[in-house]
Amino acid sequence: MAIISRGFHGRRPAPGRDLPPGQYEVHDFPVLSAGPTPRVTHEDWKFTLRTETGTEHTWDWARLMEMPGESPTVDLHCVTKWSKFGTRWEGVSLDLLMEGVETAAEFALVHSYGGYTTDLPLEDLLDGKAWIAHRYDGEELAPEHGGPARLLVPHLYLWKSAKWVRGIDLLLDDEPGFWEGLGYHSYGDPWREQRYQGD
(Lines give C-alpha, C1' and ligand atoms only; values in the text may rest on other atoms or scores of the structure.)
Protein backbone atom coordinates (compact mmCIF):
# COMPACT_ATOMS: atom_id res chain seq x y z
CA MET A 1 0.00 0.00 0.00
CA ALA A 2 2.74 2.43 0.92
CA ILE A 3 3.55 4.86 -1.87
CA ILE A 4 5.83 7.52 -0.46
CA SER A 5 6.55 10.61 -2.51
CA ARG A 6 9.39 12.82 -1.37
CA GLY A 7 10.87 16.03 -2.63
CA PHE A 8 12.36 18.32 -0.07
CA HIS A 9 15.52 20.29 0.50
CA GLY A 10 17.10 21.01 3.85
CA ARG A 11 18.34 24.31 5.21
CA ARG A 12 19.43 25.58 8.57
CA PRO A 13 16.75 27.57 10.43
CA ALA A 14 16.76 31.34 10.43
CA PRO A 15 18.17 32.99 13.57
CA GLY A 16 15.72 32.94 16.45
CA ARG A 17 13.89 29.86 15.22
CA ASP A 18 14.23 26.64 17.18
CA LEU A 19 14.09 23.24 15.53
CA PRO A 20 13.23 20.03 17.35
CA PRO A 21 16.14 17.58 17.54
CA GLY A 22 17.07 15.93 14.24
CA GLN A 23 15.00 18.34 12.11
CA TYR A 24 15.98 20.76 9.33
CA GLU A 25 14.05 23.67 7.85
CA VAL A 26 12.37 23.64 4.43
CA HIS A 27 10.72 26.51 2.57
CA ASP A 28 8.63 24.44 0.18
CA PHE A 29 5.80 22.17 1.37
CA PRO A 30 6.84 18.54 0.79
CA VAL A 31 4.12 16.03 -0.06
CA LEU A 32 4.31 12.60 1.58
CA SER A 33 1.35 10.25 1.45
CA ALA A 34 0.73 6.61 2.29
CA GLY A 35 -1.20 5.71 -0.84
CA PRO A 36 -2.92 7.54 -3.68
CA THR A 37 -4.54 10.94 -3.13
CA PRO A 38 -8.32 10.67 -2.54
CA ARG A 39 -10.45 13.12 -4.52
CA VAL A 40 -13.34 14.19 -2.29
CA THR A 41 -15.77 16.91 -3.39
CA HIS A 42 -17.34 19.39 -1.01
CA GLU A 43 -20.72 17.82 -1.82
CA ASP A 44 -19.54 14.36 -0.79
CA TRP A 45 -17.46 15.38 2.24
CA LYS A 46 -18.75 14.49 5.69
CA PHE A 47 -17.11 14.45 9.10
CA THR A 48 -18.41 12.27 11.94
CA LEU A 49 -17.50 12.21 15.62
CA ARG A 50 -18.53 8.83 17.05
CA THR A 51 -18.52 8.37 20.81
CA GLU A 52 -17.68 5.17 22.69
CA THR A 53 -21.44 4.51 23.03
CA GLY A 54 -21.99 4.77 19.26
CA THR A 55 -23.60 8.22 19.26
CA GLU A 56 -22.69 10.06 16.06
CA HIS A 57 -22.33 13.80 15.45
CA THR A 58 -21.99 14.56 11.73
CA TRP A 59 -21.17 17.71 9.78
CA ASP A 60 -21.40 18.18 6.04
CA TRP A 61 -19.38 20.82 4.20
CA ALA A 62 -22.08 23.52 4.37
CA ARG A 63 -22.52 23.05 8.11
CA LEU A 64 -18.76 23.18 8.69
CA MET A 65 -18.50 26.42 6.71
CA GLU A 66 -21.22 27.99 8.87
CA MET A 67 -19.18 27.47 12.03
CA PRO A 68 -16.89 30.18 13.41
CA GLY A 69 -13.42 29.71 12.02
CA GLU A 70 -9.95 30.32 13.36
CA SER A 71 -6.71 31.21 11.57
CA PRO A 72 -3.81 29.49 13.31
CA THR A 73 -0.23 30.14 12.20
CA VAL A 74 1.86 27.16 13.26
CA ASP A 75 5.14 25.35 12.68
CA LEU A 76 5.02 21.85 11.16
CA HIS A 77 7.41 19.01 11.97
CA CYS A 78 7.44 15.85 9.86
CA VAL A 79 8.84 12.57 11.14
CA THR A 80 10.96 12.41 7.94
CA LYS A 81 12.92 15.29 9.55
CA TRP A 82 11.75 18.38 7.67
CA SER A 83 10.17 21.31 9.51
CA LYS A 84 8.31 24.28 8.05
CA PHE A 85 7.87 27.47 10.08
CA GLY A 86 4.92 29.84 10.13
CA THR A 87 2.35 27.96 8.06
CA ARG A 88 -1.00 29.78 7.83
CA TRP A 89 -4.26 27.83 8.04
CA GLU A 90 -7.98 28.40 8.41
CA GLY A 91 -10.29 25.91 10.03
CA VAL A 92 -12.66 24.99 12.82
CA SER A 93 -11.39 24.20 16.30
CA LEU A 94 -11.98 20.69 17.64
CA ASP A 95 -13.06 22.41 20.85
CA LEU A 96 -16.03 23.83 18.95
CA LEU A 97 -16.89 20.51 17.31
CA MET A 98 -16.72 18.74 20.67
CA GLU A 99 -19.18 21.13 22.33
CA GLY A 100 -22.22 19.12 23.39
CA VAL A 101 -20.50 15.77 22.79
CA GLU A 102 -20.82 13.64 25.91
CA THR A 103 -17.98 11.19 26.27
CA ALA A 104 -15.76 9.52 28.83
CA ALA A 105 -13.20 8.65 26.16
CA GLU A 106 -9.49 9.29 26.66
CA PHE A 107 -8.34 8.37 23.14
CA ALA A 108 -9.18 9.24 19.57
CA LEU A 109 -8.81 7.19 16.39
CA VAL A 110 -8.85 9.48 13.35
CA HIS A 111 -10.16 8.18 10.01
CA SER A 112 -9.40 9.53 6.56
CA TYR A 113 -10.92 9.06 3.13
CA GLY A 114 -8.65 6.46 1.55
CA GLY A 115 -8.45 4.31 4.67
CA TYR A 116 -5.63 5.99 6.61
CA THR A 117 -5.95 6.11 10.41
CA THR A 118 -3.94 7.59 13.28
CA ASP A 119 -4.45 7.61 17.04
CA LEU A 120 -3.73 10.09 19.78
CA PRO A 121 -4.95 11.04 23.26
CA LEU A 122 -8.21 13.00 23.15
CA GLU A 123 -6.69 15.75 25.29
CA ASP A 124 -4.30 16.53 22.41
CA LEU A 125 -7.29 17.53 20.27
CA LEU A 126 -8.68 19.99 22.83
CA ASP A 127 -7.79 23.29 24.52
CA GLY A 128 -6.89 25.08 21.29
CA LYS A 129 -4.46 22.43 20.06
CA ALA A 130 -6.25 21.02 16.99
CA TRP A 131 -8.42 22.08 14.03
CA ILE A 132 -10.25 20.70 11.02
CA ALA A 133 -8.32 22.82 8.52
CA HIS A 134 -9.83 23.62 5.10
CA ARG A 135 -7.66 26.49 3.82
CA TYR A 136 -3.89 26.90 3.62
CA ASP A 137 -2.02 30.13 2.90
CA GLY A 138 -5.20 31.91 1.86
CA GLU A 139 -6.35 29.25 -0.62
CA GLU A 140 -8.60 26.22 -0.51
CA LEU A 141 -6.63 23.28 0.80
CA ALA A 142 -5.20 21.35 -2.16
CA PRO A 143 -5.88 17.60 -2.37
CA GLU A 144 -2.18 16.72 -2.09
CA HIS A 145 -2.07 18.50 1.28
CA GLY A 146 -5.28 16.87 2.52
CA GLY A 147 -8.05 18.91 0.91
CA PRO A 148 -10.85 19.47 1.16
CA ALA A 149 -10.12 19.18 4.91
CA ARG A 150 -7.48 17.69 7.15
CA LEU A 151 -6.83 17.41 10.84
CA LEU A 152 -4.19 19.85 12.09
CA VAL A 153 -2.37 18.94 15.33
CA PRO A 154 0.84 20.95 15.00
CA HIS A 155 2.42 20.12 18.37
CA LEU A 156 2.84 16.47 17.24
CA TYR A 157 4.65 15.01 14.23
CA LEU A 158 2.73 15.67 11.05
CA TRP A 159 1.53 12.09 10.52
CA LYS A 160 -0.94 12.77 13.36
CA SER A 161 -2.48 15.61 11.29
CA ALA A 162 -4.45 13.20 9.12
CA LYS A 163 -5.12 14.36 5.57
CA TRP A 164 -8.60 13.94 3.99
CA VAL A 165 -10.14 13.56 7.44
CA ARG A 166 -13.63 12.04 7.55
CA GLY A 167 -14.15 11.19 11.19
CA ILE A 168 -12.91 10.53 14.70
CA ASP A 169 -13.86 7.63 16.94
CA LEU A 170 -13.73 8.49 20.64
CA LEU A 171 -12.42 5.45 22.52
CA LEU A 172 -11.94 4.33 26.12
CA ASP A 173 -8.79 2.40 25.15
CA ASP A 174 -6.07 3.33 22.70
CA GLU A 175 -6.15 1.66 19.28
CA PRO A 176 -3.10 1.97 16.99
CA GLY A 177 -3.51 3.76 13.70
CA PHE A 178 -1.81 2.97 10.37
CA TRP A 179 1.76 4.08 11.09
CA GLU A 180 1.53 3.33 14.82
CA GLY A 181 0.72 -0.28 13.93
CA LEU A 182 3.87 -0.39 11.79
CA GLY A 183 6.18 0.75 14.58
CA TYR A 184 5.84 4.53 14.69
CA HIS A 185 5.61 6.08 18.15
CA SER A 186 2.15 6.07 19.70
CA TYR A 187 2.43 9.77 20.70
CA GLY A 188 4.91 11.48 18.34
CA ASP A 189 6.24 14.53 20.21
CA PRO A 190 8.87 16.14 17.92
CA TRP A 191 10.59 17.91 20.83
CA ARG A 192 11.24 14.51 22.46
CA GLU A 193 12.06 12.98 19.05
CA GLN A 194 9.43 10.26 19.45
CA ARG A 195 9.64 8.89 15.92
CA TYR A 196 9.39 5.15 16.58
CA GLN A 197 8.25 2.83 19.36
CA GLY A 198 10.93 2.83 22.05
CA ASP A 199 12.13 6.39 21.34
Side-chain angles (χ1 to χ4, degrees), residues 1 20-23 32-35 38 45-60 63-64 67-70 72 74-80 83 87 89-134 146 149-199:
M1 172 180 177
Q23 298 291 114
L32 296 88
S33 301
W45 185 86
K46 283 186 171 53
F47 176 77
T48 300
L49 280 173
R50 183 181 297 107
T51 73
E52 69 278 14
T53 63
T55 302
E56 294 187 348
H57 304 262
T58 299
W59 293 260
D60 61 15
R63 190 177 170 203
L64 185 78
M67 300 183 73
E70 297 183 1
V74 299
D75 301 335
L76 303 178
H77 307 293
C78 181
V79 71
T80 59
S83 291
T87 62
W89 302 83
E90 296 173 47
V92 176
S93 167
L94 259 294
D95 293 308
L96 196 55
L97 294 167
M98 285 291 294
E99 283 185 358
V101 175
E102 295 185 9
T103 181
E106 295 186 9
F107 299 95
L109 183 65
V110 184
H111 296 269
S112 297
Y113 289 96
Y116 178 79
T117 57
T118 188
D119 64 293
L120 67 169
L122 179 56
E123 65 180 3
D124 285 275
L125 295 177
L126 304 176
D127 297 326
K129 292 183 284 193
W131 298 265
I132 300 299
H134 53 79
R150 71 180 296 165
L151 182 64
L152 180 64
V153 193
H155 66 286
L156 300 178
Y157 279 126
L158 198 55
W159 91 77
K160 299 289 186 178
S161 296
K163 297 178 179 179
W164 317 295
V165 65
R166 67 171 178 83
I168 297 176
D169 289 343
L170 304 176
L171 306 174
L172 298 176
D173 299 304
D174 196 11
E175 182 177 328
F178 176 77
W179 286 119
E180 294 83 359
L182 294 174
Y184 278 41
H185 200 278
S186 59
Y187 188 62
D189 183 346
W191 296 97
R192 289 187 281 173
E193 206 169 3
Q194 294 174 331
R195 302 180 193 274
Y196 307 106
Q197 300 294 339
D199 285 346

Can any side-chain N or O of [X] pair as donor or acceptor with the backbone N or O of [Y] at less than 3.5 Å?
{"X": "Asp95", "Y": "Leu126", "result": "no"}
{"X": "Arg195", "Y": "Val79", "result": "yes"}
{"X": "Thr117", "Y": "Phe178", "result": "yes"}
{"X": "Glu52", "Y": "Ala104", "result": "yes"}
{"X": "Gln194", "Y": "Asp189", "result": "yes"}

Review point. Are Trp131 and Glu90 linked by a side-chain donor-acceptor pair shorter than 3.5 Å?
Key: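 Per modelled atom types, Trp131 and Glu90 side chains form no pair under 3.5 Å.
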
For residues [X] and [Y], determine if any side-chain heavy atom of one lies less than 4.5 Å from a side-chain heavy atom of the other.
{"X": "Leu170", "Y": "Met98", "value": "yes"}
{"X": "Tyr187", "Y": "Leu156", "value": "yes"}
{"X": "Thr51", "Y": "Glu102", "value": "no"}
{"X": "Leu32", "Y": "Trp159", "value": "no"}
{"X": "Met67", "Y": "Leu97", "value": "yes"}
{"X": "Ile132", "Y": "Phe47", "value": "yes"}
{"X": "Thr118", "Y": "Glu180", "value": "yes"}
{"X": "Trp89", "Y": "Val74", "value": "yes"}

Review point. Would one find more than 12 heavy atoms of other residues, nucleotides or ligands at under 6.0 Å from atom CD of Glu106?
Key: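 Atom CD in Glu106 is not crowded, with 12 or fewer foreign heavy atoms closer than 6.0 Å.
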
